[in-house]
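What's counted below: heavy atoms across the whole structure, side chains too, no hydrogens, waters or symmetry copies. One is the number of the first residue; the rest follow in order along the sequence.
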Amino acid sequence: MLIRTPSALLAVFLLASIPSSASPLPGWTRFELPETGSYVLRYLPPGLDLSKPVPAVLFLHGSGVTPDRFKPLVDDAADRAGIVVILPKSSTDLGWGIGADSRIVEESLRTVRAELPLDPRRISIGGHSAGGAQAYLLAYTTRSGYSAVFSMAARFYSVGTVADPSYKAPIRMYYGDQDPNYSFSPALKQLWNRLGVPWEEEVLPGLGHEVPEAAVERGFLFLVGKSHPIGIGGCSPDPDTLCLGGGRFRVEVAWKDFEGGEGRGSVVPGAVSNDSGLFWYFAPDNWELLVKVLDGCGVNGRRWVFAAATTTVEYTLTITDTRTGEVWTWRNPPGRSSPAVTDTSALGGCSP
């Protein structure tokens, strides 16, 4: 049994995590997820360079088995591909998308992101059988930020439209030609063609529903070669959220007037560039605040924030680097004519 997970339930895991000070151990580590009653297995290839962001794959097991079954099937492939493997345990043995599964996915990613410097642009998703189908459903029916998909022996489930038309994650499908689920391959290829999703397929003769290590390795190599332009945790623009720096920086404003009224600043439509944008508070034609996030990495190794407002109301400006999780805030107290903000050391995140 497999049920789709609504995008609203998945969105929480896109928030950046608090870094851990503990030295991560290579090989397999099990983390309990007490709020979900489940756990996640993490595999870190020995010798993987953690001085820079590293790729990872969230791999979903099939129904009737546990993630422990996949440990000997994926670790050598992960070593050769240089990719971190995240293996969560579903809430039931029936498949994915049931019970606390959305929270399990969220907590699994949060836990490993707190431990390791994962590259948000190269977090992919894959799985076997029911897990493989859930992988492509999560990738295409939510604005997830996954960079690529690797499905193994997956069944067919229809997808009406890709939730994020700005990026259609490429998918690699694997089947053994003796696997009953191989019959779903033609329908899936027709689906990807209709949706405009790039795809490739590997079919091995004489094999059934098993998980060949060689196919896993080729799938992992496919995943590490793909990159999302924004990635997990990237900024999704809405009427009250300004996204700058190609979607890397999320800019939000909260205001409070002298009568106790409060609200969020609204983005002025059409007044947005890659580096700057405008907000209004009380009326669309009464613009209040200009915000810029500039790349000063070549000058002083920092991201700069400039802002200018024409108001005396209280407001708090918050800018989040969705790639690193760093947050910068600035508050104008009530009754003060807001001064210009010129912070040339506001944010880091200049390393690749």
Side-chain angles (χ1 to χ4, degrees), residues 2-25 27-44 50 53-63 65-71 74 78 83-128 130-139 141-147 149 228 231-234 236 250 320 322-325 327:
L2 185 145
I3 302 173
R4 301 183 193 182
T5 304
S7 59
L9 295 177
L10 183 66
V12 182
F13 84 80
L14 301 179
L15 298 175
S17 303
I18 301 173
S20 171
S21 58
S23 298
L25 297 175
W28 287 105
T29 298
R30 173 170 167 151
F31 296 97
E32 301 300 323
L33 306 175
E35 294 188 7
T36 69
S38 187
Y39 64 91
V40 60
L41 303 177
R42 182 273 290 151
Y43 183 76
L44 173 62
L50 299 181
V54 295
V57 55
L58 178 76
F59 197 87
L60 307 180
H61 62 80
S63 61
V65 297
T66 69
D68 305 79
R69 166 75 175 83
F70 288 84
K71 291 170 64 176
V74 304
I83 190 171
V84 173
V85 181
I86 303 169
L87 279 170
K89 169 65 175 68
S90 61
S91 59
T92 76
D93 293 333
L94 299 177
W96 286 90
I98 305 169
D101 282 351
S102 294
R103 189 65 182 274
I104 290 169
V105 168
E106 166 200 327
E107 288 296 302
S108 296
L109 286 166
R110 184 197 64 79
T111 299
V112 178
R113 293 181 76 188
E115 182 207 24
L116 299 174
L118 302 187
D119 185 344
R121 293 169 294 180
R122 291 193 297 162
I123 298 178
S124 53
I125 189 167
H128 178 252
Q134 183 72 353
Y136 68 69
L137 289 175
L138 287 177
T141 65
T142 70
R143 299 181 69 92
S144 57
Y146 292 117
S147 56
V149 185
H228 192 289
I232 296 288
S236 297
R250 182 169 57 246
T320 304
T322 64
R323 190 169 299 170
T324 67
V327 178

Query raised in the report: To the nearest 0.5 Å, how far apart are CZ in R110 and CZ in R103?
Result: 8.5 Å

Report task. Side-chain contact test, heavy atoms from C-beta onward, threshold under 4.5 Å: evaluate it for Y39 versus D68 and give yes or no. Result -> yes

Query raised in the report: Between S90 and T92, is there a donor-acceptor pair closer than 3.5 Å when you use the side chain of the first and the backbone of the second?
Result: yes

Query raised in the report: With side chains defined as the heavy atoms from C-beta onward, is the minimum distance between H61 and R69 less than 4.5 Å?
Result: no

Query raised in the report: Taking side chain as C-beta onward, heavy atoms only, is S108 less than 4.5 Å from I86?
Result: yes

Report task. Check whether any side-chain heavy atom of I83 lies under 4.5 Å from a side-chain heavy atom of S124, and answer yes or no. Result -> yes

Query - Residues forming a side chain to side chain donor-acceptor pair (under 3.5 Å) with T36, sequence neighbours excluded - result: none

Query raised in the report: Looking only at heavy atoms, which two atoms of A130 and G95 are closest? And how far apart?
Result: CB-CA, 4.4 Å

Query raised in the report: Do any N or O atoms from the side chain of S38 and from the backbone of K89 form a donor-acceptor pair under 3.5 angstrom?
Result: yes

Query - D101-S91 side chain donor-acceptor pair, cut-off 3.5 Å - result: yes

Query raised in the report: Of all heavy-atom pairs between D119 and P55, which one has the smallest distance, and what is that distance?
Result: CB-N, 4.5 Å

Requested in this report: State, yes or no, whether a side-chain contact exists between L94 and S63 at a heavy-atom distance under 4.5 Å.
Outcome: no

Query raised in the report: Does V54 reach the side chain of L118, with side-chain heavy atoms less than 4.5 Å apart?
Result: yes

Query raised in the report: Hey, are the side chains of L50 and L44 touching, using non-hydrogen atoms and a 4.5 Å cut-off?
Result: yes

**Report entry** Any side-chain heavy-atom pair of W96 and V105 under 4.5 Å
**Finding:** yes

Query raised in the report: Could you state the interatomic distance from CG (L60) to CZ (F70), rounded to the nearest 0.5 Å?
Result: 9.5 Å

**Report entry** Qualifying residues under side chain to side chain donor-acceptor pair (under 3.5 Å), relative to Y43, sequence neighbours excluded
**Finding:** D79

Query - Nearest-0.5 Å distance that lies between atom CD in Q134 and atom OG1 in T141 - result: 7.5 Å

Query - Smallest separation among heavy atoms of R250 and T322, with atom names - result: NH1-CG2, 3.4 Å

Query - Atom pair CD1/CG of I104 and L109 - distance to nearest 0.5 Å - result: 12.0 Å

Query - Listed partners of T29 passing side chain to side chain donor-acceptor pair (under 3.5 Å), at least two apart - result: R42

